[in-house]
Number of protein chains: 2
Amino acid sequence: MPRAGLDPAVITAAAAGLADEVGPANVTMGLVAERLGVRAPSLYKHIAGQADLNRRIAVLVVTEMGDALRDALQGRAGRDALEAAARTLRAYVVEHPGRYASTLPLNPEGPDDPVAVAGGRVLDSLAAVLSGYDIDPADTVHAMRLLRSLFHGFAAIEAAGGFEMDTDVDRSFDWMIDFIDRGLRK
Amino acid sequence: MPRAGLDPAVITAAAAGLADEVGPANVTMGLVAERLGVRAPSLYKHIAGQADLNRRIAVLVVTEMGDALRDALQGRAGRDALEAAARTLRAYVVEHPGRYASTLPLNPEGPDDPVAVAGGRVLDSLAAVLSGYDIDPADTVHAMRLLRSLFHGFAAIEAAGGFEMDTDVDRSFDWMIDFIDRGLRK
DNA sequence: AGCTAAAAGCTAATAGAATTAGCCACATCT
DNA sequence: AGATGTGGCTAATTCTATTAGCTTTTAGCT
């Protein structure tokens with residue numbers, strides 16, 4: 001039995017991929033193992049269990065989002081940056097609905113939690129977007145939470161198929177970006 | 001063995017209550033049965049299985065939200081209505097985080113799906129809120145989606161403990177209501 | 001009141017998933 | 001070559017969902 005070259009990152013990537021393909025609820029240890037050409041118990045040599053695996057997926061997701069955001073925001077400011085950030089996050093969720101959904105039940109355990117650390121980078125990008133507007137420093141936290149809530153809510157509902165097809169979701173998305181931009185401009 | 005007087009509604013209520021108490025992931029058939037003074041297999045005389053139970057919880061949640069919203073909006077309009085709606089939904093999620101979370105993975109199967117029907121009543125209430133503003137009819141759908149996304153996103157993040165404690169979440173909530181109100185006023 | 005039949009519980013059995021224990025081969029380092 | 005630790009495997013355990021089949025209650029009818 002030749003070695004399979006597993007490590008936590010490889011397993012996490014496989015599980016995240018499966019979540020996108022078959023839905024988070026159907027990602028079983030056995031399925032992940034099969035995808036990697038290995039038996040289920042072997043996974044435990046690298047990860048502590050299902051809870052650990054989910055936490056790692058969450059870190060992966062938030063890290064990927066942070067990277068995508070940083071790339072997308074290069075050289076942009078103001079409304080341009082807002083739009084780029086919104087589109088980037090939405091695209092990520094639409095392309096990876098499963099892994100995104102599997103991070104939902106997770107709350108960081110503290111400031112040192114890797115999920116919180118990776119999340120911090122996403123927040124930094126959102127802060128960068130807001131820096132392009134003239135916002136009272138005391139209100140920045142609120143504006144940040146507004147963006148987070150809106151982006152997350154929209155993405156979650158869209159990924160779950162919650163919007164009726166009748167009216168174009170793209171159009172609503174553009175309308176929302178406009179709405180926020182105008183509001184932040186005051 | 002006297003009869004326990006079970007029916008789908010009683011089982012659904014028990015499961016929803018447990019979801020709030022122990023978290024959706026820990027709601028097991030056995031636990032629900034125990035709470036009702038019955039053995040697990042007996043539940044299957046009334047519900048089809050776990051998936052069915054979750055769908056029923058979703059209907060319960062959306063129905064309860066719709067009722068609460070309708071009550072809260074009685075005799076209110078404009079900013080007053082917006083604020084009442086937002087507070088009502090937020091309060092519901094904070095009080096029932098478990099049952100709310102267990103409805104997240106659910107997408108209505110079609111217009112006849114009871115989840116969609118109950119959801120329609122919530123949307124009607126949101127439409128009523130928007131009717132207090134002077135919005136181009138062509139934009140109403142977009143504004144509705146904005147409200148849905150924002151309320152859902154904020155509630156989901158707060159329920160999951162996603163906001164840092166440092167800055168008062170209540171204050172951010174009020175700020176967001178103001179932001180939306182000003183934007184809708186155009 | 002007594003009969004019948006459907007409904008509602010129960011116990012026992014099945015099946016699937018996570019996790020643990022314990023064994024053995026491979027790979028690495030000298 | 002040989003010692004050693006890591007990574008994989010099989011077997012066993014536990015927990016949960018679900019199904020099968022039996023028994024009692026209860027509602028409806030005469």
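First the proteins, then the strands, lettered A, B, ... as listed; each starts at 1. Given the structure is predicted, the values throughout are model-derived calculations rather than measurements.
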- Query: Is the gap between the ring centers of A/Tyr100 and A/Tyr92 under 6.0 Å?
  - Reply: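 When the ring centroids of A/Tyr100 and A/Tyr92 are compared, they turn out to be at least 6.0 Å apart.
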- Looking at the side chain of B/Met29, which of D/dT18, C/dA18, D/dT10 is the nearest nucleotide? D/dT18
- Query: From the list C/dG9, C/dG22, C/dA21, which nucleotide is the closest neighbour of the side chain of A/Lys45?
  - Reply: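 Between C/dG9, C/dG22, C/dA21, the one nearest the side chain of A/Lys45 would be C/dG22.
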Calculate the interatomic distance between [X] atom [atom1] and [N] atom [atom2]; express it in whole Å.
| X | N | atom1 | atom2 | result |
| --- | --- | --- | --- | --- |
| A/Asp52 | C/dA18 | CG | P | 14 Å |
| A/Leu43 | D/dC9 | CG | P | 9 Å |
| B/Asp7 | C/dA6 | CG | P | 21 Å |
| B/Glu34 | C/dG9 | CD | P | 17 Å |
| B/Gln50 | C/dA15 | CD | P | 19 Å |
| B/Tyr44 | C/dT11 | OH | C1' | 15 Å |
| A/Leu6 | D/dG8 | CG | P | 4 Å |
| A/Arg39 | C/dT20 | CZ | P | 20 Å |

Give a yes-or-no answer on whether the side chains of [X] and [Y] include a donor-acceptor pair shorter than 3.5 Å.
| X | Y | value |
| --- | --- | --- |
| B/Asp20 | B/His96 | yes |
| A/Tyr133 | A/Asp181 | yes |
| B/Arg145 | A/Ser172 | yes |

- Identify which one of A/Phe179, A/Trp175, A/Phe163 satisfies the ring pair (Phe, Tyr, Trp, His ring centres under 6.0 Å) criterion when paired with A/Phe154. A/Phe163
OP1 or OP2 of [N] versus the side-chain N and O atoms of [X]: is any pair under 4.0 Å?
| X | N | value |
| --- | --- | --- |
| B/Ser42 | C/dA8 | no |
| A/Thr28 | C/dG16 | no |
| A/His46 | D/dG8 | yes |

- Taking for each residue the nucleotide of DNA chain D bearing the nearest heavy atom, is the 5' side occupied by B/Pro41 or by B/Arg3?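 Looking at DNA chain D, the more 5' nearest nucleotide goes with B/Pro41.
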